[in-house]
Amino acid sequence: MTLRIAIVADIHHGAPSATKRGDAALGLMDEFARFTADAKPDLVLDLGDRISDIDRDTDLRLEREVADAFRAITAPVLHLNGNHDRDHLSVAENAEILGQVLDHQTLDLNGWRLALWRADSKIARGPDHHGFILREVDLLWLSRTAQAADRPMLVVSHVPVSGHAQTGNYYFERNPAASTYPMADRARAAIAQARQPVACLSGHVHWNTVTQVDGIPHLTQQSLTESFTTQGEPAAAWGLMELGETLRWQVFGRDPFQAVLTPAARRWTPPLPPFGEHAGLRPRKET
């Protein structure tokens, strides 16, 4: 059996902002709906950041317009919230607009378990903390879900936790802390508790990447409307993933990408500490 998933990330519907071509979002969503009709996926994943936020009233309107665009898709659609969906709107307001509960969720299909890790993606802005906050309750859910896995599992989140380098990224090369959660190392440790093959899929960082950590592939998919990799034109990126004994992932559009991976249940040997702190590997004294 193969699980077939169509994926769209970081739609950013709204006025153009920096390199986000939000003015093209709804037209590209029409194309994505036609793609899904042809591809016939088992389900569709929306990785969040459906809008570029402005204020509460504008964001409500923009979210509703994107929700209307998703109604053209006949396959089941599962949504996650991104940080822009949460700047002025609550989880409950997003859930009402999209017509589905946006809590953590697991779903078993065609031999795989989807773990929708909907950790809060709201960015805190205050004198004591600026950035994402990873709540303990969300880490505990992730840990317990990984421990309970009895089949291969795809962990899906808006914000990636791989900790991969942001060198060359328009937004995050000089702002790496905004590319992931604090305590992302604990999230990776929680995922590694699974004794089954695991892969992770996220959006947020607006580029296509594959990073392997502890034998677990972490994938991020390009934004639908990003243009920093496509010379000012919207990337028009959407993906198709096939999960069976291998993971096959293809991203279409102006920033195409392909990967074929074989997630394994094996984990890697833990990394060494700094050489100078390891009694068995102390550097030889210079003579």
Side-chain angles (χ1 to χ4, degrees), residues 3 5 7 9 43 45-48 78-83 102-121 131-166 172 176-205 207-221 239 241-249 259-271:
L3 177 58
I5 304 172
I7 307 153
L43 58 90
L45 286 176
D46 157 33
L47 301 183
L78 296 171
H79 300 277
L80 289 85
N81 285 329
N83 46 292
L102 295 177
D103 299 332
H104 300 309
Q105 180 182 1
T106 60
L107 182 66
D108 292 344
L109 282 172
N110 295 0
W112 276 74
R113 175 162 296 164
L114 289 186
L116 301 180
W117 188 47
R118 294 185 172 113
D120 195 7
S121 56
F132 294 112
I133 296 173
L134 185 52
R135 301 180 305 163
E136 193 67 17
V137 66
D138 294 326
L139 275 170
L140 291 174
W141 184 91
L142 186 61
S143 173
R144 290 163 183 164
T145 299
Q147 292 177 57
D150 61 358
R151 65 198 68 200
M153 183 168 67
L154 179 69
V155 178
V156 185
S157 63
H158 175 68
V159 179
V161 298
S162 65
H164 68 280
Q166 297 297 315
F172 299 114
S179 70
T180 190
Y181 284 111
M183 301 191 295
D185 57 336
R186 292 187 66 206
R188 293 193 297 271
I191 294 166
Q193 290 179 295
R195 293 297 174 257
Q196 298 287 334
V198 182
C200 299
L201 171 67
S202 305
H204 182 60
V205 288
W207 60 1
N208 299 313
T209 68
V210 175
T211 305
Q212 299 223 53
V213 183
D214 203 5
I216 297 170
H218 293 251
L219 288 58
T220 67
Q221 182 170 300
M241 182 177 291
E242 295 181 330
L243 297 170
E245 292 188 3
T246 61
L247 183 159
R248 296 178 177 272
W249 175 47
V260 180
L261 303 160
T262 305
R266 300 184 303 275
R267 302 291 171 254
W268 293 350
T269 302

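Side chains included, hydrogens not; waters and symmetry mates left out as well; all remaining heavy atoms used.
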| Applying the side chain to side chain contact (heavy atoms under 4.5 Å, CB included) test to Leu78, which of Ile5, Asp46, Leu107, Leu102 qualifies? | Leu107

| said: Using a 3.5 Å distance criterion without hydrogens, assess whether the side chain of Thr180 forms a donor-acceptor pair with backbone atoms of Pro160. | reply: yes

| query | Side chains of Met241 and Leu219: does their closest heavy-atom pair fall under 4.5 Å? | reply | yes

| query | Is any side-chain heavy atom of Arg188 closer than 4.5 Å to a side-chain heavy atom of Asp214? | reply | no

| request: Indicate, with yes or no, if the rings of His204 and Phe132 have centres closer together than 6.0 Å. | output: yes

| request: Taking salt bridge (Lys or Arg N to Asp or Glu O under 4.0 Å) as the test, write out the residues that go with Arg248, two or more places apart. | output: none

| query | Can you tell me if His164 and Ser162 form a side-chain donor-acceptor pair at under 3.5 Å? | reply | yes

Residues that [X] engages under side-chain hydrogen bond (donor to acceptor under 3.5 Å, both in side chains), provided they are two or more places apart:
X: Ser121; result: none
X: Trp249; result: Gln221
X: Gln105; result: Arg118

| remark: The side chain to side chain contact (heavy atoms under 4.5 Å, CB included) partners of Pro152 (sequence neighbours excluded) come to Trp112, Gln196, Pro197

| remark: For Ala178 and Phe172, the nearest pair of non-hydrogen atoms, with its separation, is O-CE2, 3.5 Å

Donor-acceptor pairs are to be reported for all side-chain atoms of residues 133-143 against protein atoms at under 3.5 Å, with residues two or more places apart or in another chain.
unit_1, atom_1, unit_2, atom_2, d
Arg135, NE, Asp138, OD2, 3.1
Arg135, NH2, Asp138, OD1, 3.2
Arg135, NH2, Asp138, OD2, 3.4
Glu136, OE1, Arg186, NH1, 3.0
Glu136, OE2, Arg186, NH2, 2.9
Asp138, OD1, His104, NE2, 2.7
Ser143, OG, Gln147, NE2, 2.9
Ser143, OG, Gln193, OE1, 2.5

